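All remarks here apply to the structure that follows.
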Amino acid sequence: MSQDKSAISPRREEDFPEWYQQVVRAADMAENSEVRGCMVIKPWGYGLWENIQKQLDVKFKETGHVNAYFPLLIPLSYLEKEAEHAEGFATECAVVTHHRLEAQKQPDGTTKMIPTGELAEPFVIRPTSETIIGAAFARWVESYRDLPLLINQWANVMRWEMRPRLFLRTAEFLWQEGHTAHETAEEAMSETKLMHKVYADFLRDHLAIPVIPGEKTENERFPGAVSTFTVEAMVQDRKAIQAGTSHFLGQNFAKASGIQFLGRDNQRQHAWTTSWGVSTRLIGTMIMAHADDDGMIMPPRMAPTQIVILPVTPKPDTRQEVIDACEALATTLRTQTYAGEPLRVHVDKRDLQGGTKNWEWIKKGVPLRVEMGPRDITSRSVAVSRRDAGVKGKEIVGKEDFLRNVTELLHEVQSTLLARATALRDEHTKKLETMEEFVAFFTPKNADKPEAHGGFALMHWAGSNDDEDQIAKDYKVTIRCIPLGDEYAEEGTCFMTGKPSARRVVFAKSY
RNA sequence: CGGGGCGUAGCUCAGCCUGGUAGAGCGCUUGCUUUGGGAGCAAGAAGUCGUGAGUUCGAAUCUCGCCGCCCCGACCA
């Protein structure tokens, strides 16, 4: 066994998609289920989702939203109310057509269940809930005094995707969908932008992932939206991933669902609505952004367990003493807080070999590993390993020093991950001017076995929707967003049409 | 829906071309040894070989149908 063998095979540069799947498996976060396209989210993966929920929910509440829950099943006719929306989701809907089964005994003794009781109107398993929430809003809103309506729901949705991938694109996924209704267009737009910013901040400060906030082009817009805002992240194969979206829906859905109110001017009018969401895709994004060739690396703020304590028990007669000392250390640690939450500490008391346990936690990506054995008890020290540093790295520190610095250590790991992800993104973000440069940037050197290549190309753009489609078709590169920042505003010439352009857009290959 | 691949032990797969009724590694259980480390030795548990039919004395192996999954596209969070 060579010394520099990595825990995950293949490595990132050898085969990124396969590496990704191996990390998910090695970290024990999820597995494919017997149901096509649907995954089983295992505790270590679900723990991440719970932290996403907990921490985002605080932000939603802080910005005035409340949670509610709406049905899984949507009457088919509801989806027909908004034409663009209906068309957008038509090809990926699971449809419920029956409401009972009849048990039929077969000659061979087995039982077959035959669907009966056909529904007069089929239901669609929600691919998103604009229509059914819109119907509720229509009932709830009568006066401008009922507005704004600021609702969020944590739910599962189903989209019958052609090619599922764990966390990144599954047929069923977990998400939150915010739905709001407002008196004016301006108010709805500022809500859209507020939540867009909440997502960008959350990704950066909690997931340690920098994003480029921007607006989608018409081609990439949510079906039925007037404008769609996105946060785009770059992961380690330099592709873009849409990590969250916030939509300004204008009055489209209000008109489709009949959300009307009597205004201050005593005129009956349609409300202005928004919707916004992030999903379990965030977990896939975190993996692709932070994991390395030894497995997952959890950002401390999100890690289900931030510190794992590994008792080193070489002699049976000192075993209990060591375990007691580890438990005591854990208890002391749990009285401390990081980012406003008590430290999440686990003592791994399983009767396994130390090396086995150590590697398991490396692969799971727990931010800090702490080893304590008989000698450490005597010398009042602990051996601390940071997951963001080399796997072999281990620092012997005094226990008191460790207790004093532990939150700072977690903070450092968190910062390191953000700094790394930011450096990767910046290194592979290029301002390009010509079609030649553009094509070269996105063309792998080895066409048979493409290496990681490209990144974010900041281009001047003044093309049409068709031009955009053409680029997508020819190079598999799309406009990820029209970024909001001032640094992207500058006069230039569109690299495709030669027309003048006032702003650069972000082109990239994407998930 | 197109193109490729695959369904054999919990997992990864060999065996199939050249039919004779099941194997490896990892994992699991037990014992011994080892122990600041993903260890070693030994024993053991575990599979109606995706499914249905056909050919045959005999099918994991050959033929046909069906089902499912994975990968690469088109579609998408």
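Per chain, numbering begins at 1; letters A, B, ... match sequence-line order. All figures in this text were calculated on a predicted structure; none of them were measured in a lab.
A cation-pi arrangement, defined by a distance under 6.0 Å to the six-membered ring centre and an angle within 45 degrees of its axis, is absent between K399(A) and F402(A).
K394(A) comes within 4.0 angstrom of a base, heavy atoms only. Residue-level contact check: L282(A) touches neither bases nor backbone, having no heavy atom under 4.0 Å from any strand. Counting any heavy atom pair closer than 4.0 Å across all strands shown, Q22(A) reaches no nucleic acid atom. Nucleic acid contact for T170(A): base, since at least one base atom lies under 4.0 Å from a heavy atom of the residue.
When both distances must be under 3.5 Å, the Watson-Crick or G-U wobble mate of rU34(B) does not exist. In this structure, rG65(B) and rU51(B) make a Watson-Crick or G-U wobble pair, each of the two defining distances being under 3.5 angstrom. A 3.5 Å limit on both hydrogen-bonding distances identifies no Watson-Crick or G-U partner for rC76(B). Under the Watson-Crick or G-U wobble criterion, with both distances below 3.5 Å, rC13(B) is paired with rG23(B).
Every residue two or more places apart in sequence or in another chain that forms a side chain to side chain donor-acceptor pair (under 3.5 Å) with K509(A) is listed here: H453(A). Legend: residues meeting ring-ring contact (aromatic ring centres under 6.0 Å, His included) with F442(A), ordered by chain and number and at least two apart, are F438(A). Under the rule for a side chain to side chain donor-acceptor pair (under 3.5 Å), D205(A) has no partner lying at least two apart in sequence or in another chain.
Of the listed nucleotides (rG38(B), rC76(B), rA74(B)), rG38(B) has the atom at the smallest distance from the side chain of K363(A). Considering only side-chain atoms of E161(A), the nucleotide from rU35(B), rG38(B), rC75(B) that sits closest is rC75(B). Across rG36(B), rA74(B), rC76(B), the shortest atom-to-atom separation from the side chain of E92(A) is found for rC76(B).
Position along RNA chain B of the nearest nucleotide to E18(A) versus W175(A) favours E18(A) as the more 5'-ward residue. Residues P164(A) and K476(A) each lie close to RNA chain B; by heavy-atom proximity, the contact nearer the 5' end of the strand is made by P164(A).
If you check distances only, the side chain of R169(A) does reach the base of rC76(B) with a donor-acceptor pair under 3.5 Å.
Within 6.0 Å of the NZ atom in K197(A), the count of heavy atoms belonging to other residues, nucleotides or ligands does not exceed 12. Other residues, nucleotides and ligands contribute only 12 or fewer heavy atoms inside 6.0 Å of the NZ atom of K445(A). Within 6.0 Å of CD in E87(A) there are 12 or fewer heavy atoms belonging to other residues, nucleotides or ligands.
Nucleotides rG5(B) and rG10(B) have their C1' atoms positioned 24 Å apart, rounded to a whole Å. Straight-line distance between the C1' atoms of rA24(B) and rA9(B): roughly 11 Å, to the nearest whole Å.
Sorted by residue number, the members of residues 347-357 of chain A with any non-hydrogen atom under 4.0 Å from RNA chain B read Q353(A), G354(A), G355(A), T356(A).
If you take CD1 on I74(A) and CD1 on I125(A), they are separated by 10.0 Å, rounding to the nearest 0.5 Å.
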Any N/O pairs under 3.5 Å between the protein and nucleotides 67-69 of chain B? List them or say none.
| unit_1 | atom_1 | unit_2 | atom_2 | d |
| --- | --- | --- | --- | --- |
| rC69(B) | OP1 | R36(A) | N | 3.4 |

Would you tabulate the pairs of protein nitrogen or oxygen atoms and nucleotide nitrogen or oxygen atoms of nucleotides 10-14 of chain B closer than 3.5 angstrom?
| unit_1 | atom_1 | unit_2 | atom_2 | d |
| --- | --- | --- | --- | --- |
| rC11(B) | O2' | R25(A) | NH1 | 3.2 |

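Proximity of the aromatic rings of W175(A) and W49(A) is defined here by a centroid distance below 6.0 angstrom, and this criterion is not met. Close placement of the F60(A) and W276(A) rings is indicated, their centers lying within 6.0 Å of each other. For F507(A) and W461(A), the ring centers sit closer than 6.0 Å to each other.
Put simply, Q21(A) has no side-chain N or O that comes within less than 4.0 Å of OP1 or OP2 on rC70(B).
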